Amino acid sequence: MEKYAQLVVRSKSVSIDDLFTYKIPEFLLCDLKVGHRVLVPFGQGNKPTEGFVFEINDKSKLEDGKLKQIIDILDENPMLRVEDLELINWMRNRYLCTYMDCINLMYPKGYKLNSYRIINLGDSLRSLSDTDLYIELEKLNNSQKEVVEKVINSKGRLKVDNLESICKNTNEIYKMNKEKLIDLSWAYESKKNEKKICYVSLSMSKEKIDDYIVENKIRVTELQRNILNFLENNDDVEINDLLDLLSVHRQSITSLQKKKLVTLEFKDYYRQPEHIFTQQSKKVKLNEEQISAVQKITSEMFNDDKKPYMINGVTGSGKTEVYMEIIEYALEQGLDSIFLVPEISLTPQVIDRLKNRFGSIVGVFHSKLSEGQRHDVYRAVREGRVRILIGPRSALFAPFNSLGVIIIDEFHEGSYKSEQNPKFSTIEVAKFIGLKNKVSVVLGSATPSVDEYYRAKSGQYNLINIRQRANKKPLPKIEVVDMKKELTNGNKSIFSFRLQEEIKRTVESGNQVILFLNRRGYANFVSCRSCGFLFQCENCDISLTYHKESNTGRCHYCGYEVKIPKKCPECDSEYLKPFGVGTQKIEEELQGIFPNVNILRVDKDNTSKKGSLEEILNKFESGEAQILIGTQMISKGLDFANVTLVGILSADMMLNFPDFKSFESTFQLVTQVSGRAGRAEKEGNVILQTYDTNHYAIRRAINYDFDGFYEDEIKIRKAFGYTPFNNMLSVVISGKNEKTVIESAKNMYNSIVYLLENRGINNFDFILGPNPCSISKIDKNYRWQLLFKDDNIEINLLKGIIKYICITKREVVFRKGVNISIDINPNSVL
DNA sequence: AGCACGCCGACT
DNA sequence: GTCGGCGTGCTC
């Protein structure tokens with residue numbers, strides 16, 4: 001009986017985001033499984049294309065004549081598991097993205113299919129003798145002649161891309177193809193980024209080899225003799241070592257192989273990511289709260305209907321120890337674990353603790369891993385050599401055979417929401433996986449997000465509280481300094497008198513200080529005090545951040561950089577002045593106040609190089625410096641025993657950010673940063689500088705009153721209809737041409753209104769916009785936005801309509817050259 | 001993305 | 001009347 005496969009083909013075009021039916025040839029019938037990667041002909045040109053089998057059926061909706069056949073299976077085992085397919089379907093619908101967007105998350109880019117067109121001589125020229133061919137050639141025009149000559153010289157290995165120098169467009173090529181002057185055919189290569197290492201050994205025992213050479217009268221050169229001698233004493237030598245040690249060429253070895261004296265064997269090689277940060281592992285005894293958290297979760301591990309868990313534990317409550325106990329229990333039961341962290345490069349200490357405890361079965365996914373290393377980790381997970389994977393949100397899709405636990409540490413962090421397609425929420429996806437595959441999902445944070453805490457309170461999570469720090473020390477006291485008063489007392493510096501005094505005291509007593517400021521660079525912007533001219537990015541709607549060491553203004557969005565001149569380009573005055581403070585300026589001023597103190601700085605500007613963050617942290621840990629200045633990067637995961645003072649230089653900077661989540665992030669940052677103080681035996685102290693001493697986010701934060709903050713914040717969210725009470729859907733339309741962007745945005749609004757009116761909906765208050773985005777231009781692209789709340793409209797109806805307009809009717813509604821970005825519950829609406 | 005088809009203006 | 005540019009639409 002005929003069988004048919006429903007598959008998704010790899011393509012960059014949104015309009016091909018659908019299931020296509022192919023016939024399964026008989027020779028593949030028993031091998032082909034759902035989830036397999038296959039090779040299929042696609043489009044009028046039958047281009048060899050990668051496909052992913054989603055279904056296998058007995059019947060086809062389409063008539064047989066329209067169907068093509070699958071050519072081959074590309075991998076021995078299906079690349080996607082049945083549960084992956086289910087997840088892909090769910091994500092595609094939830095985040096309004098394509099199948100391919102989701103599939104791309106599931107396996108590393110190393111598995112690739114490249115197809116290209118090969119040109120040969122066409123039928124009308126092929127059988128001709130040399131002289132006839134010459135005559136035919138003379139009849140052609142110049143460019144045709146050149147093409148045919150190139151084809152003749154290339155011996156059938158000519159790619160169409162190589163002809164671009166001759167033909168301006170590929171049209172000419174197609175025409176020649178039709179006239180049978182040339183023949184176009186497809187070729188493809190399937191890549192698997194699996195690094196193999198070649199090992200060399202003698203093909204027979206050393207006793208026999210000399211006889212063999214004599215018997216068969218084999219000539220062996222001196223170099224080759226050396227190789228054989230070496231191999232007689234060392235079996236299984238890596239070929240590169242052999243080449244290096246004996247300084248011979250590969251040629252010698254291949255010739256020995258041809259003479260059947262040595263054998264080459266390819267073995268898998270696993271690239272080991274190196275690892276720099278070192279820390280002594282301290283064995284900890286869990287306190288009662290920690291033990292009961294572990295017991296609650298482990299005791300339910302095999303329950304079918306368990307809810308996800310939320311651990312709300314104060315900073316320093318030893319959540320990592322709890323996670324490790326859970327992972328160990330799972331391991332004893334034969335279950336694998338995924339440990340998600342917000343950004344892997346920021347948590348070297350956590351990785352180290354896991355590696356110390358569990359050894360080589362711990363795998364790490366890095367944003368800084370090479371594609372090959374990532375590939376190796378993926379395979380190690382598949383083959384069961386890695387049982388615990390620690391990584392950022394992408395680690396969620398690792399192909400574990402028996403996954404038991406997903407831990408999301410610091411789950412309130414923004415990096416858990418993807419900014420690229422599919423714009424998924426890690427928490428939502430983890431919960432989906434947990435529900436479908438009976439996996440225990442554990443969210444942990446000292447400062448849960450308001451959204452998830454609301455869900456916990458309404459019973460969607462098992463809420464576990466840990467209220468005591470592991471070292472039983474009280475949380476560091478947070479002292480507020482009113483910067484308005486500092487100003488009236490004549491202190492214009494960034495450092496209040498209190499903070500200066502405390503830094504001095506701390507350093508003198510041999511302890512360490514962490515200073516936090518959420519802005520890198522030297523100054524916020526450069527402006528002319530005479531005429532008000534502001535240095536702005538050419539490509540973005542953003543003022544340039546001043547970087548002193550290079551005397552430039554830099555755009556933190558697109559990387560644009562420009563020298564700051566001595567005189568104002570507008571009015572020629574010399575009153576150009578940098579305004580606002582960044583970490584670089586803090587460093588400079590602090591060094592001025594404390595010339596004998598060593599200061600380290602950590603921000604995106606000096607940690608982009610691999611290992612540089614670890615290096616700085618190691619220096620700080622070893623006491624080489626007394627003060628560490630940093631941005632968000634130092635707000636979490638760091639554990640330094642000697643830090644007794646934390647200074648938060650400007651809490652307002654975050655508070656005044658124009659986004660509805662800015663109060664929440666202020667509260668979170670203050671709490672997290674304060675938690676860096678007094679983590680070991682010594683008591684910690686925090687000084688928080690602000691102009692707005694009365695804001696509830698600040699007041700609640702200094703008392704570590706999360707529940708109080710939550711109560712304040714949730715009222716506001718409810719009043720304005722923000723999450724968690726409503727879903728918010730953002731559609732950003734961008735493009736280089738401002739006019740077409742605006743036109744498209746207005747078109748979209750009108751189309752939606754039209755469709756909704758047809759369904760009897762007349763109140764459109766839930767649509768905000770179209771408006772220019774707060775940052776109305778990024779990297780030369782103008783940006784307009786439409787915001788939807790599912791206030792009085794069913795979310796699936798809304799999503800259906802948006803999908804219909806943005807994808808199905810895309811060409812009708814949107815002008816050419818505009819991009820559409822759809823985001824469900826975006827992190828920020830800028 | 002490709003590739004083909006078809007409409008329209010320019011040129012023999 | 002024909003050639004070639006490009007806009008349009010489909011891909012199992």
Side-chain angles (χ1 to χ4, degrees), chain A residues 2-25 28-29 32 34 36-74 85 97-101 103-104 109 112-119 122 139-144 147 159-164 166-189 421 740 804 806-820:
Chain A
E2 289 272 22
K3 284 220 175 200
Y4 305 90
Q6 300 285 330
L7 46 92
V8 171
V9 290
R10 179 182 289 279
S11 158
K12 281 168 192 150
S13 154
V14 208
S15 43
I16 297 171
D17 180 52
D18 215 337
L19 290 173
F20 289 84
T21 312
Y22 278 81
K23 271 196 281 191
I24 305 173
L28 290 179
L29 265 179
L32 188 72
V34 161
H36 254 130
R37 212 161 58 108
V38 292
L39 182 66
V40 293
F42 189 69
Q44 285 103 322
N46 285 329
K47 176 179 175 166
T49 309
E50 218 179 336
F52 296 86
V53 180
F54 270 57
E55 286 170 41
I56 295 177
N57 330 94
D58 295 335
K59 269 184 260 158
S60 144
K61 278 169 250 146
L62 285 129
E63 49 193 298
D64 232 43
K66 281 196 172 173
L67 298 181
K68 295 178 185 174
Q69 279 202 341
I70 294 175
I71 300 169
D72 205 354
I73 301 176
L74 286 170
L85 298 178
C97 60
T98 65
Y99 282 115
M100 279 318 299
D101 286 334
I103 291 172
N104 284 334
K109 293 183 182 63
K112 244 193 195 159
L113 184 85
N114 294 324
S115 50
Y116 45 86
R117 295 215 103 168
I118 292 278
I119 309 177
K139 294 182 191 162
L140 302 173
N141 69 32
N142 275 345
S143 64
Q144 288 181 334
V147 169
K159 295 183 188 178
V160 171
D161 299 355
N162 299 347
L163 284 176
E164 259 161 27
I166 306 167
C167 298
K168 328 127 219 100
N169 55 14
T170 42
N171 243 349
E172 182 94 7
I173 305 281
Y174 293 129
K175 221 178 88 190
M176 291 173 70
N177 185 37
K178 257 192 193 158
E179 291 165 9
K180 308 235 175 201
L181 293 169
I182 56 170
D183 179 59
L184 292 178
S185 61
W186 283 100
Y188 68 92
E189 55 192 13
N421 269 336
T740 57
Y804 178 72
C806 294
I807 295 167
T808 319
K809 289 284 164 195
R810 183 178 175 135
E811 258 81 75
V812 188
V813 179
F814 295 93
R815 296 278 306 270
K816 263 198 184 151
V818 300
N819 293 312
I820 307 159

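A quick note: this is a predicted structure, and the numbers were derived from the prediction, not measured. So you know, we letter chains A, B, ... as the sequences are listed, proteins then strands, and number each from 1.
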(request) Calculate the interatomic distance between A:Tyr188 atom OH and B:dG2 atom P; express it in whole Å. (result) 18 Å

(request) Could you state the atom-to-atom distance from CD1 of A:Ile24 to P of C:dC12 in whole Å? (result) 16 Å

(request) Let me know the distance between CG of A:Leu184 and C1' of B:dG2, rounded to the nearest Å. (result) 12 Å

(message) For A:Gln6, run the side chain to side chain contact (heavy atoms under 4.5 Å, CB included) check against A:Ile56, A:Thr21, A:Val34 and tell me which one passes.
(response) A:Thr21

(request) For A:Arg815, enumerate each residue passing the salt bridge (Lys or Arg N to Asp or Glu O under 4.0 Å) test, keeping only those at least two apart in sequence or located in another chain. (result) A:Glu743

(request) Apply side-chain hydrogen bond (donor to acceptor under 3.5 Å, both in side chains) to A:Lys68 and list each qualifying residue two or more places apart in sequence or on a separate chain. (result) A:Asn46

(request) Output all residues satisfying side chain to side chain contact (heavy atoms under 4.5 Å, CB included) with A:Asn819, sequence neighbours left out; order by chain, then residue number. (result) A:Ser734

(request) Would you please indicate yes or no on a ring centroid separation below 6.0 angstrom for A:Phe54 and A:Tyr99? (result) yes

(message) Please enumerate all residues that pass side-chain hydrogen bond (donor to acceptor under 3.5 Å, both in side chains) together with A:Thr49, with sequence neighbours excluded.
(response) none

(message) Does A:Lys12 reach a base, just sugar-phosphate, or nothing at all? Heavy atoms under 4.0 Å.
(response) nothing

(message) Just to be sure I understand the geometry, which residues of residues 51-58 of chain A put a non-hydrogen atom under 4.0 Å away from DNA chain C?
(response) none

(request) Taking salt bridge (Lys or Arg N to Asp or Glu O under 4.0 Å) as the test, write out the residues that go with A:Asp17, two or more places apart. (result) A:Arg92

Give me, pair by pair, the N or O atoms of the protein and of nucleotides 9-11 of chain C that are less than 3.5 Å apart, along with how far apart they are.
{"from": "C:dT11", "atom 1": "O4", "to": "A:Ser15", "atom 2": "OG", "distance (Å)": "3.4"}

(message) Can you pull out every salt bridge (charged side-chain N to carboxylate O under 4.0 Å, His left out) where at least one residue sits in residues 38-48 of chain A? Sequence neighbours excluded, please.
(response) none

(message) In this structure, how many angstroms lie between the P atom of B:dA1 and the CG atom of A:Leu113, rounded?
(response) 18 Å

(request) With sequence neighbours excluded, tell me which residues meet salt bridge (Lys or Arg N to Asp or Glu O under 4.0 Å) with A:Arg37. (result) A:Glu50, A:Asp75

(message) Please report the distance, rounded to the nearest Å, between OH in A:Tyr4 and C1' in C:dC12.
(response) 12 Å

(request) In whole angstrom, give the distance that lies between atom CD1 of A:Ile71 and atom P of C:dC12. (result) 12 Å

(message) Just to be sure I understand the rule, does A:Leu67 reach a base, reach only the sugar-phosphate, or reach nothing, if contact means heavy atoms closer than 4.0 Å?
(response) sugar-phosphate

